[in-house]
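Down below is the structure, laid out as structure tokens.
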Amino acid sequence: MEINSRYLLIKRKLFEKVYSSLNDEQRDAVFTVNGPLLILAGAGSGKTTVLVRRIAFIIKYGNAYYSDKVPAGTDEETVKRLEGALMLDASEIEREVLPEFICNPCPPYAVLAITFTNKAAKEIKDRLIAAFDDESVAGDIWAGTFHSICVRILRVYGDRLSYNSNFNIYDTDDSKRAISAAMKTLKIDEKTLPIKSVMNAISRAKDALMTPESFLSENGGDFRLRKIGEVYEEYQKNLRLSNALDFDDIIMQTVRLLRENEDVRRYYQNKFRYVCVDEFQDTNVAQFELTALLSGHHKNIMVVGDDDQSIYKFRGATIENILSFDKTYRDAKIVKLEQNYRSTQNILDAANAVIGKNTNRRGKRLWTSKGEGEKIVLRLCEEQNAESVYMVDKINEAVAASEATYRDFAILYRTNAQSNTIERTFAKSGVPYRMLGGTRFNDRKEIRDIVAYLQLINNHSDAERLLRIINEPKRKIGDKTIEAIRAIASENEVSLFEIIRNADKYAALGRSKDILLGFAELIERLTQILADGCPLDAFVTQVLDMSGYRQMLIDAGEEEKDRLENLEEFISGVIEYQSKTEEPTLGGFLEETMLVSDVDKYDESADACVMMTIHSAKGLEFPIVFLPGMEDGIFPGMQTIMSCSEDEIEEERRLAYVAITRAKKKLYIIHTNNRMLYGRTSHNPISRFVTEIPASLIYRDAPPARRNDGYSSYGSYGSYGQNQHSTVRTYYSDSTANKNRDVLGGVGDKTTIGKTFTTPVKKASAALFAEGDRVSHITFGEGEILSVKPMGADVLYEISFDKVGTKKLMATYAKLKKIN
DNA sequence: CAGCCATATCTTTTT
DNA sequence: GATATGGCTG
């Protein structure tokens, strides 16, 4: 063989040995450095490892592996030496041999890694620090969320879009208030046009990079959409006057900045030699465009994702981004990671079977070297309490047998509504648990208020924050005064604060002018105190004192004690920020407050079961997973079923795939005969996704035999039931044990259960109306019933409304009235 | 302007 | 069934 080929071959072997802890595909992904690269990473396939090691590889070795360059003077002797080096152990090779292959390595500041969540960004940063053993190298790498990276760019170049660099960020709640205000200005009634749908439409428009102008010109024909477009226009105008951006703006305006400013675009395109994007299946149009722009010069864009785990369509993600990546980037290389390091083969087979029913996917098949493992346990319970009790029992059994500890268990549900029953049962049982997704600390009123003060001090133009606190504590500034200020401000196209500061110049503000001037002075004095170098924590205290906010809470006495405590905690947060930040500033603190939620810092060390929605479980793994409520009507939900849209069913199926693949060792699937939902008992059939799992993978855990009441509709495994029954008892320590046990076993005299069981469940509002009837609906107005279809316990009406066209409505939800 | 009662609503959520 | 919001009244 020719000397050059031998050299290249042995070089690659040396790299492969050093990276032998990775599998072939993972290694290929790490070594592929140049050009567009799509990594299709199945659940549990070591995605983050690959991402981090690839970045480290790029910085250490550049294109060393795939480069065909052979150094001048390479001869037989060189090759012999390298062949000899193969005998060395991996760390020796890495230390002594690999450096001679370095080929055009990349400085750390030229690498950009983008994620969706702070948690993911932090994990990548931490692992990079570990990889380099040198914090400064890792620190130079741009690793952050889409939003944090865009804000970083906008703080520098925002002036090109006429944003001041101290712009504020509006979260969903602020933006809701602002949209509501815009609708008021336009005299659009929130009843005819629900604010939620307006918010959603505007948000989707921004995701798709549509300006108010393009939105209006595209949708001018439709009355409803035109109204939404007008709100969008007004809202956007106000954001600008407030020198504020909402979450969607942060991305969209960055794209605009890069598109419209060649020098800025060039600067970042030259800067970022390598762009890496995590969770690519969750990107929307704007984010896709952003990554394309940033990588537009060097074209070294790597994206990792899993089309089968795309579950955020409702917030604008377009699965097409990942499905057609190689159409956008014709020369893209695709690497599939299908080896799973998390679950047993049974669990993977179940997941493969379910997701295999989807058509709109690239196709992957997860496998593991772990072996089959236990079967998936399928359990039918009578109703939702029994379902919860079953989970408690299984957890107690396993813990008592020392097979697991509490933290090994996760309960994943489709909707938060399911969590109530579950939580109640767990609370009674004494099993320690942790529930994710409650109200966040930062969403509390007092925290939002103090943050609003700080935001207003940071950026006097911020209208929403000003309105939030101008009368908090009460300053006798009422609606009329505010309306007057608004009118003047809007007329002059200046900020509200500007008007308030000059309140004495406007006759309309006559009576309130002293109060308004006093408020302006308060804000300006505080601004001065900060400018004079007051440390942040002391400053926040000043704000609380001078504004009278703290006094207001103290005066309220015992009732508001919690709020005072929360404010103390907030100040601790400020102190924490100060100590970890080199140059703490108010702006920096506020940015972190807005862009970093407190959800990701829950205590993982506590030995407790975890409960959360399937959505929030994405990316996590647990030895034992319970999936309660696996019923058609819940999962997939009623809305999805009624939409009759294959796309939406596929999205739900992906969610089912995510749910199944969270489990490492054991998976419990639970469904019930009767379920109380929205105040009604419904009997849902088992989820279609469960029926898609091959029976051979499933063990049906039959409930214990019922008392001789003739209703044992399921095959009764009497002895098993008895057995389990007594096992259960052992672990209950408190007084509620008997009650729980009764529900589970169905042995007791729970009349309610008996009733639901014996009486056929009433058809909700069955056949109240017939085909041809004229009905009226609270939002849709009047219409004619086209068809009546019984569906489970409910009835589906297809109604042709006079004003809004044909809609399908469930009798239970649609409050319909007959008209004669 | 605050507090109370009536009413509507009922996926999924991070930034 | 539970909750959040809104409108109304004192």
Side-chain angles (χ1 to χ4, degrees), chain A residues 114-121 144-151 169-176 180 189-191 194-196 199-200 203 206-207 245-252 254 279 282-284 286-287 310-317 384 412-421 423-424 436-437 439-440 442-443 471 474 476-480 556 591-600 612-619 629 633-643 648 651-652 654-656 658-659 675-682 777-779 810 812-815:
Chain A
I114 314 180
T115 64
F116 270 87
T117 64
N118 292 297
K119 195 179 169 198
T145 63
F146 272 100
H147 290 83
S148 69
I149 281 158
C150 287
V151 166
I169 298 168
Y170 279 11
D171 68 15
T172 319
D173 190 68
D174 303 316
S175 111
K176 187 179 174 187
S180 178
D189 187 7
E190 285 187 24
K191 282 207 185 92
I195 186 141
K196 262 181 112 182
M199 277 181 76
N200 201 46
S203 183
K206 289 185 176 182
D207 287 347
L245 294 106
D246 66 19
F247 285 139
D248 302 310
D249 272 339
I250 291 173
I251 314 289
M252 180 181 175
T254 308
E279 303 281 15
D282 291 338
T283 52
N284 59 36
Q287 288 158 337
S310 167
I311 55 173
Y312 284 112
K313 187 182 172 166
F314 69 92
R315 65 181 201 211
Q384 71 266 28
L412 310 179
Y413 34 82
R414 175 68 247 265
T415 69
N416 281 309
Q418 293 168 255
S419 67
N420 266 333
T421 317
E423 182 170 23
R424 225 176 299 130
L436 268 70
T439 348
R440 283 180 232 164
N442 289 348
D443 284 345
N471 206 28
K474 302 281 172 269
K476 299 196 171 142
I477 301 175
D479 286 353
K480 281 154 288 164
E591 186 172 310
E592 195 172 298
T593 309
M594 296 311 289
L595 295 182
V596 181
S597 73
D598 45 343
V599 255
D600 26 68
M612 66 183 105
T613 62
I614 300 169
H615 278 92
S616 20
K618 199 178 100 183
I634 292 182
F635 193 15
M638 238 346 158
Q639 308 231 358
T640 312
I641 295 172
M642 283 200 306
S643 74
E648 286 189 35
E651 172 107 350
E652 291 277 296
R654 290 192 287 271
L655 192 57
V658 169
R675 180 177 299 269
M676 187 75 104
L677 198 66
Y678 304 141
R680 258 201 177 78
T681 306
S682 53
H777 183 274
I778 194 126
T779 42
M810 292 305 279
T812 315
Y813 304 109
K815 296 269 164 8

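Per chain, numbering begins at 1; letters A, B, ... match sequence-line order.
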With a 4.0 Å cut-off on heavy atoms, is [X] in touch with a base, just the backbone sugar-phosphate, or nothing at all?
{"X": "A:Asn416", "value": "sugar-phosphate"}
{"X": "A:Phe146", "value": "nothing"}
{"X": "A:Glu652", "value": "base"}

Value in whole Å for how far the P atom of B:dT11 lies from OH of A:Tyr413
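Interatomic distance, OH of A:Tyr413 to P of B:dT11: 15 Å.
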
To the nearest Å, how far apart are A:Lys480 NZ and B:dC1 P?
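Rounding to the nearest Å, NZ of A:Lys480 and P of B:dC1 are 8 Å apart.
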
Going 5' to 3' on DNA chain C, which nucleotide is the first and which the last to come under 4.0 Å of a heavy atom in chain A?
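Answer, 5' to 3': C:dG1 to C:dG7.
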
Polar side-chain contact A:Thr172-B:dT15 base: donor and acceptor under 3.5 Å:
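When only heavy-atom distances are counted, A:Thr172 does reach the base of B:dT15 through a donor-acceptor pair under 3.5 Å.
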
For A:Asp189, is the CG atom crowded, meaning more than 12 foreign heavy atoms sit under 6.0 Å from it?
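Yes.
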
Taking only N and O in the side chain of [X], is any of them less than 4.0 Å away from OP1 or OP2 of [N]?
{"X": "A:Tyr678", "N": "B:dT11", "answer": "yes"}
{"X": "A:Thr640", "N": "B:dT11", "answer": "no"}
{"X": "A:Asn471", "N": "B:dC1", "answer": "yes"}

Anti versus syn assignment for B:dT11, with syn defined as within 90° of 0:
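Syn conformation here, the glycosidic angle of B:dT11 being no more than 90° from 0.
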
Stacking check A:Tyr312 vs B:dT12 (5.5 Å / 30 deg):
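No.
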
